[in-house]
Protein chains: 2
Amino acid sequence: MPEMQDDYTPRQRAVLDKALGLLVEGGERALTTAGLARAANCSKESLYKWFGDRDGLLAAMIAHQASKVRARIDGGEKLDHGRFRTHLVDFANDLLQVLGGDVSLALNRLAIGQASREDSRLGALLIERGRHGIDKRAGALLEAGRQRGLIAYGDRDAAYHTFYGLIVRDLHVRMLLGEAGVRQPENYAALAEEAVEQFFVLFGVRKEETTGRDRV
Amino acid sequence: MPEMQDDYTPRQRAVLDKALGLLVEGGERALTTAGLARAANCSKESLYKWFGDRDGLLAAMIAHQASKVRARIDGGEKLDHGRFRTHLVDFANDLLQVLGGDVSLALNRLAIGQASREDSRLGALLIERGRHGIDKRAGALLEAGRQRGLIAYGDRDAAYHTFYGLIVRDLHVRMLLGEAGVRQPENYAALAEEAVEQFFVLFGVRKEETTGRDRV
DNA sequence: CTCGTATCGTACCGTACGGTACGGTTCTGT
DNA sequence: ACAGAACCGTACCGTACGGTACGATACGAG
């Protein structure tokens with residue numbers, strides 16, 4: 001599996017960044033080969049030489065963007081309840097931040113728009129390059145919490161997906177649809193707090209009154 | 001607010017159904033005016049006369065589809081815990097069934113693909129015509145349960161969104177992305193059961209202890 | 001200095017789409 | 001029966017896009 005590092009030259013990376021910019025600004029319709037060549041001061045011939053065809057360009061954009069968002073791994077410090085809780089809240093915040101980001105939304109819209117085409121692998125590529133890192137990080141975090149006896153679950157994937165649902169709810173789709181008033185990063189913190197709170201209600205291990213009486 | 005009933009002639013409805021068929025089968029690229037005219041045995045001129053332009057056609061398709069899915073309202077029988085639970089499970093099942101349906105996925109993909117265009121109202125239209133009915137039904141259901149003392153919440157919208165997240169998790173986006181192996185209707189029942197179970201853990205009222213009252 | 005390579009800018013080609021126009025046909029009301 | 005409207009099928013137009021070709025330019029290797 002790929003090492004999350006694109007093997008493109010700096011020039012090519014700059015072009016891919018321009019392409020992402022066009023995509024974010026104007027959607028798929030704005031991302032034409034001629035437009036990209038003009039915006040990036042390169043020739044269409046170079047685009048086709050580097051990326052093969054338009055689909056190759058789109059795939060390269062996803063790979064390039066994924067290579068920039070390095071999934072940081074949480075250090076293995078000693079986990080008490082408070083630290084674990086903080087890590088979960090951080091994860092939830094990061095997740096909302098990522099999903100609500102301009103580039104993420106634009107790439108997801110692109111991949112979803114292409115999903116009907118049978119020969120398009122953009123969706124799988126997006127999940128493989130983008131989601132799996134997040135999943136790994138969350139899985140490790142949950143596993144660490146379970147081993148310390150802070151939470152309990154039968155199926156880690158099920159617990160993770162529940163956690164994901166508690167955090168994201170229907171926000172992702174509504175942001176993808178462009179609904180007004182949904183993208184409000186100032187609310188992410190509160191959403192993350194509440195999701196973690198609910199996650200602990202579902203999967204937390206009662207320590208007989210050891211539950212930190214945090215303010216909510 | 002519209003009455004969830006499209007004011008189109010049967011002929012026009014048949015054309016809109018053909019259009020939905022083309023969209024489901026081949027995505028947005030397959031839905032061309034010429035293609036639709038050929039498939040529906042009508043003239044392009046009629047299409048433009050009836051729907052104005054392509055965007056009008058797309059909007060009409062959404063309205064037409066929404067008019068077919070009538071949000072049935074649950075009868076007001078006496079609610080005991082078992083009945084209430086059954087209604088919640090039914091709602092969860094219906095929700096998964098709807099979101100995973102061919103037409104719903106195709107229309108959502110279409111609206112999401114257009115979401116970048118500033119002048120596109122498809123996303124808002126889809127939410128307005130499709131989601132609001134579901135939201136109303138769920139809201140009424142939750143409110144009935146609360147008034148019977150079966151569940152407790154401070155904010156109904158928050159409780160509903162949590163319920164939604166527990167049911168759908170990340171399934172909707174992954175289905176939209178076309179990930180293989182995600183659309184498995186045979187799993188919906190188990191997912192619905194588990195979501196309702198978790199929902200009761202979070203918001204259910206124990207007959208003995210009346211705790212679990214959360215603010216926020 | 002010179003050759004080769006990579007790249008740029010532009011021009012070009014074929015295609016496909018949105019939208020319009022028009023002659024011929026069917027349907028409807030009187 | 002007849003007039004008018006609605007509609008079909010097709011042809012047509014302008015545009016825009018993906019992809020290719022080509023001459024011009026910059027630059028490193030020998």
Side-chain angles (χ1 to χ4, degrees), chain A residues 6-23 25-62 64 106 109-111 113-114 116-122, chain B residues 6-23 25-62 64 106 109-111 113-114 116-122:
Chain A
D6 52 359
D7 31 23
Y8 298 115
T9 70
R11 175 74 176 123
Q12 291 165 357
R13 278 194 284 269
V15 171
L16 290 176
D17 278 329
K18 267 291 182 191
L20 286 173
L22 288 177
L23 184 69
E25 192 175 347
E28 190 193 349
R29 318 297 298 258
L31 184 59
T32 68
T33 52
L36 176 57
R38 199 178 317 115
N41 289 325
C42 72
S43 68
K44 289 172 66 175
E45 197 169 20
S46 298
L47 292 180
Y48 286 97
K49 178 170 189 176
W50 294 335
F51 309 113
D53 57 1
R54 192 170 186 271
D55 284 1
L57 171 67
L58 302 182
M61 288 167 62
I62 290 178
H64 173 57
R109 288 192 182 121
L110 175 66
Q114 306 269 330
S116 52
R117 290 175 41 194
E118 191 48 53
D119 63 324
S120 177
R121 272 193 41 85
L122 287 190
Chain B
D6 52 357
D7 30 24
Y8 297 116
T9 70
R11 174 76 177 118
Q12 290 164 359
R13 278 195 284 270
V15 171
L16 290 176
D17 278 328
K18 267 292 183 190
L20 286 172
L22 289 178
L23 184 69
E25 192 175 349
E28 190 192 348
R29 317 298 298 260
L31 184 59
T32 69
T33 53
L36 175 57
R38 199 177 317 116
N41 289 325
C42 73
S43 69
K44 290 173 65 175
E45 198 171 20
S46 298
L47 293 180
Y48 286 99
K49 179 173 189 175
W50 294 334
F51 309 112
D53 57 1
R54 190 169 188 272
D55 285 1
L57 172 67
L58 303 182
M61 290 168 60
I62 291 178
H64 172 58
R109 288 194 182 118
L110 175 66
Q114 305 269 332
S116 53
R117 287 176 42 193
E118 191 48 52
D119 64 325
S120 178
R121 270 190 41 83
L122 287 190

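When reading the values below, keep in mind they use all heavy atoms of this one structure, side chains included, and skip hydrogens, waters and symmetry mates. Letters A, B, ... mirror the listed sequences (proteins, then strands); counts begin at 1.
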Salt bridge check: are B:Arg13 and B:Asp7 linked by an N-O gap of less than 4.0 Å?
no
When you measure from the side-chain N and O atoms of A:Ser46 to the phosphate of C:dC8, is any distance below 4.0 Å, counting only OP1 and OP2?
yes
Atom CD in B:Glu118, atom OG in B:Ser120: separation rounded to 0.5 Å?
9.5 Å
Identify whether the distance between the nearest side-chain nitrogen and carboxylate oxygen of A:Glu28 and B:Arg117 falls below 4.0 Å.
no
Whether B:Gln12 side chain and B:Thr9 backbone form a donor-acceptor pair below 3.5 Å
yes
Where the side chain of B:Arg54 meets the backbone of B:Leu31, is there a donor-acceptor pair that is under 3.5 Å apart?
yes
Hey, what are the protein-to-nucleotides 25-29 of chain C N/O distances that come in under 3.5 Å?
none

Nearest 0.5 Å, what's the CZ-CG distance between B:Arg121 and B:Leu58?
13.5 Å
Relative to the 5' end of DNA chain D, which residue comes earlier, B:Ala37 or B:Lys49, by the nucleotide with the nearest heavy atom?
B:Lys49
Do any side-chain nitrogens or oxygens of A:Trp50 fall under 4.0 Å of OP1 or OP2 in C:dA6?
no
note: B:Arg11, atom CZ; D:dC7, atom P; distance rounded to Å ~ 9 Å
Base versus backbone protein contacts along nucleotides 14-28 of chain D [heavy-atom cut-off under 4.0 Å; B, S, -]:
---SBBBBB------
Quick one: list whatever passes side chain to side chain contact (heavy atoms under 4.5 Å, CB included) with A:Leu20, sequence neighbours left out.
A:Asp17, A:Met61, A:His64, A:Gln65, A:Lys68, A:Val103, A:Leu107
Expressed as a whole number of angstroms, how long is the span from A:Leu47:CG to C:dT7:P?
11 Å
Any chance you could measure A:Ser116, atom OG, to B:Leu23, atom CG, to the nearest 0.5 Å?
7.5 Å
